[in-house]
Amino acid sequence: MTEDFRKLYGSAEGVRVFRAPGRVNLIGEHTDYNLGFVLPVALDLATYIAAAPAAGGKVRIYSEDRREMREWRVSEISAILRARHWTDYPIGVAQQLIGAGFAIEPANLLIRSRVPEGSGLSSSAALEVSSALAFLNGRPLPPIELARLCQRAEVQFVGMPCGIMDQYISIFGRERTAVEIDCRSLEHRDVELPAGITFLAVNTMVKHALAGSAYRDRVAECAAAVEGIKPHFPQLKSLRDVSPEQFESVAHRLPEGIARRARHVVTETARVGRFVSASEHGDLHRMGRLMVESHRSLQHDYEVSCAELDFLVDRSLGIEGVFGARMTGGGFGGCTVTMLQPDAVPGFRQEIAESYERRFGVTPAIYPCEPSAGAGEVKNFETIPSAGH
Ligand code: ADP
Ligand code: MG
């Protein structure tokens with residue numbers, strides 16, 4: 001990576017490399033912005049940024065994926081407006097850092113990402129967190145502040161009202177464990193997964209145009225549900241505060257559409273706890289069933305699935321050695337996550353790829369989901385090959 005950096009910028013003096021992983025969420029979908037629970041895993045797939053101090057008062061950023069270079073004077077960064085361009089992510093982060101008292105130093109950055117974009121594996125958070133580390137260049141910031149700052153960049157600058165899951169897991173991910181995050185207290189605990197299972201993400205290779213606007217609609221619908229339930233549960237601040245039983249006692253008072261959205265969030269928040277408990281008991285079949293329940297809830301109540309995701313889930317469930325499958329990420333395309341026996345992986349890969357190709361005419365990319373470490377500096381970065389290698 002240093003060699004490519006040198007070719008691009010003429011010198012690699014003082015270069016450091018920072019890594020931030022993508023993630024796959026095992027269960028707890030669309031619960032983070034309702035301050036509920038989620039259970040993601042940080043992936044081996046990550047975004048790497050090589051960064052070195054530069055003369056000339058400018059920040060330059062090159063994205064290998066986009067083959068595009070942009071530059072700004074450091075003095076003008078705080079006044080840049082949203083451009084609806086990939087640079088919104090690093091610039092949003094830079095502005096948040098400035099707001100938190102960290103000056104942005106002149107530097108050259110090279111972005112190399114292994115996280116597929118727009119696939120529900122959170123390339124956006126991987127880009128935000130790696131950008132933040134690159135701009136900080138070793139200056140310390142408590143990890144939880146880093147997560148909140150990157151989330152604010154996405155909400156306030158990019159304009160996506162996301163929860164904190166993606167940034168949090170990219171920072172707090174750990175090898176061999178999933179992480180159960182309480183999105184209100186911002187505490188987490190590592191959840192060791194039972195032996196005898198593995199997870200694969202299968203990419204539909206589509207992202208429907210609806211994704212962004214529907215996400216905003218769902219956030220608004222959840223807020224409407226909170227307003228509708230409050231008169232009956234005055235202590236309620238977010239959907240995370242009602243149990244499924246409490247919710248059903250008031251559901252009939254909400255408009256039907258809003259009640260279905262809320263029902264997903266309320267049952268899904270409860271499902272995270274049930275999944276963790278099944279995992280702790282080594283009840284693999286129950287874990288699988290809960291994943292399928294989660295998918296049906298997203299499909300019918302939350303209505304964020306699509307034909308491609310439903311096909312992958314339904315087809316996966318018919319393949320030998322599969323315990324469960326569900327869509328993962330925001331929806332309307334992107335990936336499913338499938339839980340299966342390790343020795344069933346080769347057969348699964350072949351069958352799911354063939355079926356999907358036959359049905360949609362595209363080959364789905366398939367990614368192993370080995371729980372990996374969270375973000376940090378990479379010391380041994382000569383080994384990060386360029387994309388396509
Ligand atoms: P997801 O987070 O699921 O991958 P998002 O729509 O939230 O999908 O974020 C994808 C966006 O993040 C891309 O459209 C692009 O703007 C930005 N992005 C991610 N990775 C890169 C990269 N390597 N280079 C440039 N932009 C990137
Ligand atoms: Mg994203």
task = From the options R260, R216, R261, select the one residue that forms a salt bridge (Lys or Arg N to Asp or Glu O under 4.0 Å) with E221.
result = R261
inquiry  = If you compare all heavy atoms of N108 against all heavy atoms of A54, which two are closest, and at what distance to 0.1 Å?
reply    = ND2-CB, 3.7 Å
ask   = What orientation do F311 and Y356 show, parallel under 30°, tilted 30 to 60°, or perpendicular over 60°?
value = tilted
query = Is the shortest heavy-atom distance from the side chain of M291 to the side chain of S316 under 4.5 Å?
reply = no
message = Quick one, D182 and R240 - any side-chain contact, counting heavy atoms below 4.5 Å?
response = yes
task = Establish whether Y48 and L146 are linked, either directly or via other cluster members, by ILVMFWY side-chain heavy-atom contacts under 4.5 Å.
result = no
query = Is there side-chain contact between V242 and L236, with heavy atoms separated by less than 4.5 Å?
reply = yes
key: Basic-acidic side-chain contact under 4.0 Å: R184, D241   = yes
request  = For residues Y89 and V158, determine if any side-chain heavy atom of one lies less than 4.5 Å from a side-chain heavy atom of the other.
outcome  = yes
Side-chain heavy-atom pair T198, E370 within 4.5 angstrom cut-off = yes
request  = Kindly say whether the aromatic ring centers of F135 and F102 come within a distance under 6.0 Å.
outcome  = no
message = Quick check: closest heavy atoms across A51 and A134, and the distance to 0.1 Å?
response = CB-CB, 4.0 Å
message = Grouping I, L, V, M, F, W and Y whenever their side-chain heavy atoms are under 4.5 Å apart, do F348 and L309 come out in a common cluster?
response = no
request  = Consider only side-chain heavy atoms of I, L, V, M, F, W and Y, link residues closer than 4.5 Å, and tell whether V191 and F323 are in one cluster.
outcome  = yes
message = Within the 3.5 Å criterion, strictly below it, is a donor on T87 or R70 matched to an acceptor on the partner's side chain?
response = no
query = Does the distance from a Lys or Arg side-chain N to an Asp or Glu carboxylate O, for K379 and E377, drop under 4.0 Å?
reply = yes
query = What's the shortest heavy-atom distance between P161 and Y215, and which atoms?
reply = O-CE2, 3.6 Å
remark   = Between V115 and G22 the two heavy atoms that sit nearest each other are CG2-N, 3.9 Å
inquiry  = Between C162 and Q151, is there a side-chain heavy-atom distance shorter than 4.5 Å?
reply    = yes
task = Decide, yes or no, whether a salt bridge links D44 with R114 under the criterion of side-chain N to carboxylate O below 4.0 Å.
result = no
key: Flag side-chain contact, heavy atom, 4.5 Å: V304 against M327   = yes
ask   = Going by the angle between their ring planes, with limits at 30° and 60°, are Y302 and H264 parallel, tilted or perpendicular?
value = tilted
inquiry  = Starting from V155, can I reach I181 by hopping between I/L/V/M/F/W/Y residues whose side chains sit under 4.5 Å apart?
reply    = no
note = On a heavy-atom basis, the closest approach of R326 and S294 is NE-OG, 2.9 Å
ask   = Per the salt bridge (Lys or Arg N to Asp or Glu O under 4.0 Å) rule, which among E351, E354, E357 passes with R315?
value = E351
message = Looking only at the side chains, is there a donor atom on one of H232 and Q246 sitting less than 3.5 Å from an acceptor on the other?
response = no
query = Should I229 and V219 be counted in the same cluster of Ile, Leu, Val, Met, Phe, Trp and Tyr side chains packed under 4.5 Å apart?
reply = yes
task = Using the side-chain contact (heavy atoms from CB on, under 4.5 Å) rule, pick out the option among N203, N25, L45 that qualifies with L121.
result = L45
ask   = Do T267 and R271 have a side chain donor and acceptor closer than 3.5 Å?
value = yes
request  = Determine whether the side chains of Q299 and D310 contain a donor N or O and an acceptor N or O closer than 3.5 Å.
outcome  = yes
query = Is there a side-chain contact between E268 and H30, using heavy atoms and a 4.5 Å cut-off?
reply = no
ask   = Side chains of E68 and W86: is there a donor and an acceptor less than 3.5 Å apart?
value = yes
ask   = Using the ring of each side chain (for Trp, its six-membered ring), is Y9 parallel, tilted or perpendicular to F5, with breaks at 30° and 60°?
value = tilted
